[in-house]
2 protein chains.
Amino acid sequence: MAVTRSDVARAAGVSPAVVSYVLNNGPRPVAIGTRERVLAAIEQLGYRPNAIASALRGGSTQTIGLLTPNRSNPFYGALAEAIERSLTEQGYLTLTASTYGNRSSEERLLRTFVDRKADGLIITSGVSLSGAPLADVEQPVLVLEERVGNTLSTVSMDDERDAAGAVDHLQVHGHDLIGCIVGPPYVSTDGLRLAGWRDQQHRTGRPAGDGLVAFADAGEEGGYQAAGLLLSEHGRPWAVYGRRPTALFVASDVQAFGALHACWELGLRVPDDVAVVSVGGTRAARFTIPPLTTMRQDVEYLARIACARLLQDIREPGTPPTHVRLTGNLVVGRTCGCTP
Amino acid sequence: MAVTRSDVARAAGVSPAVVSYVLNNGPRPVAIGTRERVLAAIEQLGYRPNAIASALRGGSTQTIGLLTPNRSNPFYGALAEAIERSLTEQGYLTLTASTYGNRSSEERLLRTFVDRKADGLIITSGVSLSGAPLADVEQPVLVLEERVGNTLSTVSMDDERDAAGAVDHLQVHGHDLIGCIVGPPYVSTDGLRLAGWRDQQHRTGRPAGDGLVAFADAGEEGGYQAAGLLLSEHGRPWAVYGRRPTALFVASDVQAFGALHACWELGLRVPDDVAVVSVGGTRAARFTIPPLTTMRQDVEYLARIACARLLQDIREPGTPPTHVRLTGNLVVGRTCGCTP
DNA sequence: TTGAAAGCGCTAACAA
DNA sequence: TTGTTAGCGCTTTCAA
């Protein structure tokens with residue numbers, strides 16, 4: 001069996017409580033000589049405190065539960081990496097789980113986090129969890145997505161505005177007929193980006209009909225399929241407009257990778273035949289051929305303030321919820337028509 | 001405060017022990033009527049067992065610690081996703097942490113996992129942790145990398161052979177002067193892939209000198225830089241061979257993405273001017289322009305047998321360590337010279 | 001079939 | 001400044 005605190009106490013000739021005081025630097029002072037003896041005993045026995053016992057006794061678990069749609073999408077990968085890093089720096093460990101868009105998984109995993117007494121929870125965008133199951137959660141929850149009537153703190157990207165900005169940039173390049181590739185609209189991020197495209201087109205008197213929208217799965221394959229649909233001569237959903245879209249707004253980088261591939265396969269030059277702009281700004285977007293113009297959402301910054309907010313909520317519970325909304329910035333590549 | 005088992009017992013008019021028997025289906029039988037009452041009380045009070053207390057008392061934490069180099073590389077992303085999914089299916093939660101190649105982080109994080117009483121640990125390739133700190137770990141550890149003299153179970157890809165296979169394919173296409181882009185050789189995966197390239201070149205009487213090797217950071221940028229170095233007219237490390245390499249072996253997909261980008265920038269056509277083959281087989285590799293030929297390492301399968309092995313070790317401790325080594329299979333794209 | 005109770009390793013209040 | 005001790009919520013043995 002492992003070395004316990006009592007073993008250390010015995011070896012150091014003190015009571016178990018003193019060992020705790022030394023380890024936790026309090027809540028009471030320990031004579032310098034005693035402290036030395038305790039530390040020596042700890043060292044010698046190779047004692048490591050049992051985090052489970054400590055957590056049970058009343059302390060915290062120093063654990064945060066992180067719920068993301070998946071782990072393999074570079075956007076969520078980068079986001080989760082940034083969050084995990086922030087938390088690690090603050091001495092927290094991250095329990096991660098992926099929902100794969102499955103509502104019942106989401107609830108189950110959330111419950112599990114709660115049962116494990118995670119000190120706090122972070123729920124990223126793309127997790128379709130409605131507010132209901134979150135209501136009876138005792139620990140602080142931070143949602144990386146804006147929701148109507150949300151009573152929890154949120155830190156989110158302004159997806160609608162970011163999408164509109166991306167579309168605007170295509171319009172500046174003279175495009176009117178701009179297709180839209182987007183994930184299922186019931187995922188709030190995708191719904192907002194779709195709305196951003198539609199509003200921006202409407203507002204500027206440009207077409208925004210269903211023939212220009214292709215719903216796609218989240219991966220490269222989804223973007224590939226959708227671009228094929230919007231651009232090829234077969235389906236011709238754009239027939240009502242009399243011509244093919246000259247540009248594509250793509251709701252995520254990864255889908256844009258697939259879309260670029262589709263263009264290449266179809267022999268369409270980017271940006272000459274089809275311009276492409278997406279939302280995301282992942283690192284990989286700088287290395288596509290040609291490099292992708294994308295509305296960059298700064299996940300590092302997002303993660304940093306999100307974690308700061310959550311840990312603040314943990315330290316001082318009862319703070320009223322805040323809602324922070326961040327705006328992306330356009331990273332100009334070579335898929336939009338800009339020349340270097 | 002939350003509802004505890006005693007509350008349930010009181011509400012159901014039974015002793016706390018009986019509640020446990022019902023919840024755990026044992027270790028002793030409960031009269032059917034009593035069981036009903038207990039379940040009703042649980043339902044009505046919304047009781048949820050405290051996993052921390054359960055873990056302390058002697059059960060397990062149902063938690064596995066997963067150590068990866070990072071979260072944003074698609075290879076590790078997919079691997080971690082597959083592992084996490086396998087574990088979730090088996091009722092385990094995953095504690096994740098990234099090492100970023102930092103040796104002291106590795107040790108610290110490992111300790112933390114141990115202190116948290118994770119039921120088992122998985123350490124992926126690319127984590128440079130030597131065997132030493134793992135020796136005194138009580139719980140089962142599974143390493144996704146082969147190591148000399150390792151007393152732990154391993155499930156690994158045969159990186160050396162996979163690399164050699166990739167290089168062989170380039171040779172089949174008639175290439176002799178094949179450059180090698182690889183990460184730092186002290187990372188065992190990279191060391192093995194470098195060795196695979198070198199041996200395959202040597203064995204077939206082809207050049208394998210230092211002028212053909214470029215060490216690169218792990219990301220796209222690393223591959224981009226390295227390819228620039230190996231292919232441009234500036235550095236000319238290949239000068240000793242009198243001509244530029246006609247092909248590149250790249251140790252990872254992500255680096256290959258960068259390398260393809262460099263080729264594009266330099267105006268080199270792939271595969272006509274430069275052929276490229278990498279090791280990895282990530283999903284994204286199918287969508288590069290042109291699609292990447294890559295030695296696919298099946299992370300899904302790797303994860304599945306790794307998790308099965310680890311959980312087996314947890315259920316029946318003391319099983320002698322096993323070493324499984326998997327071989328990749330070439331996914332032919334359009335960067336090697338094969339025609340569809 | 002069930003109740004009572006010991007104890008997992010720790011924190012912190014209470015005594016000394 | 002330090003020792004003693006009561007739990008945290010649970011599992012499981014021992015008695016009934």
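The chains referred to below are lettered A, B, ... by the order of the sequence lines, with proteins before strands, and numbering in each begins at 1. If you're wondering where the values come from, they're calculated on a predicted model, not measured in any experiment.
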Would you mind reading off the distance between [X] atom [atom1] and [N] atom [atom2], rounded to a whole angstrom?
{"X": "Lys117(A)", "N": "dC8(D)", "atom1": "NZ", "atom2": "P", "value": "14 Å"}
{"X": "Asp7(B)", "N": "dG9(D)", "atom1": "CG", "atom2": "C1'", "value": "11 Å"}
{"X": "Asn24(A)", "N": "dA12(C)", "atom1": "CG", "atom2": "P", "value": "7 Å"}
{"X": "Arg57(B)", "N": "dT13(D)", "atom1": "CZ", "atom2": "P", "value": "8 Å"}
{"X": "Arg10(B)", "N": "dC10(D)", "atom1": "CZ", "atom2": "P", "value": "12 Å"}
{"X": "Arg116(B)", "N": "dC10(C)", "atom1": "CZ", "atom2": "P", "value": "14 Å"}
{"X": "Asp115(A)", "N": "dG9(D)", "atom1": "CG", "atom2": "C1'", "value": "13 Å"}
{"X": "Leu23(B)", "N": "dG9(D)", "atom1": "CG", "atom2": "P", "value": "15 Å"}

- [ ] Begin with the C-alpha distance, continue with both residues' side-chain angles, and end with the deciding distance and a verdict on side chain to side chain donor-acceptor pair (under 3.5 Å) for Arg116(B) and Thr63(B).
- [x] CA-CA 9 Å; Arg116(B) 305 287 177 98; Thr63(B) 301; over 6 Å; no
Open item on the list: Name the residue from Gln297(B), Glu146(B), His323(B) that meets the side chain to side chain donor-acceptor pair (under 3.5 Å) definition with Ser156(B).
Closed with: Glu146(B)
Task: Proximal nucleotide (of dG3(D), dT1(C), dC8(C)) relative to the Ala31(B) side chain - done: dT1(C)
- [ ] Kindly point out which of dG3(D), dA4(C), dC10(D) is positioned nearest to the side chain of Tyr21(A)?
- [x] dG3(D)
Open item on the list: Return whichever of Asn50(A) or Arg37(B) has its heavy-atom-nearest nucleotide of DNA chain C closer to the 5' end.
Closed with: Arg37(B)
- [ ] Would you kindly compare Thr34(B) and Arg48(A) by the position of their nearest DNA chain C nucleotide and give the one closer to the 5′ end?
- [x] Thr34(B)
- [ ] Pick base, sugar-phosphate or nothing for Pro16(B), based on heavy-atom distances below 4.0 Å to the nucleic acid.
- [x] nothing
Task: Side-chain N or O of Ser54(B) closer than 4.0 Å to phosphate OP1/OP2 of dC10(D) - done: no
Open item on the list: If the condition is side chain to side chain donor-acceptor pair (under 3.5 Å), which residues does Ser72(A) pass it with, not counting sequence neighbours?
Closed with: Glu81(B)
TODO: Return the 5'-most residue of the pair Leu56(B), Val18(B) with respect to DNA chain D, ranking by each residue's nearest nucleotide.
DONE: Leu56(B)
Open item on the list: Between Thr61(A) and Asp119(A), is there a side-chain donor-acceptor contact under 3.5 Å, judged purely by atom types and distance?
Closed with: yes
Task: Test item: side-chain donor near acceptor, Thr319(B) and Gln312(B), under 3.5 Å - done: no
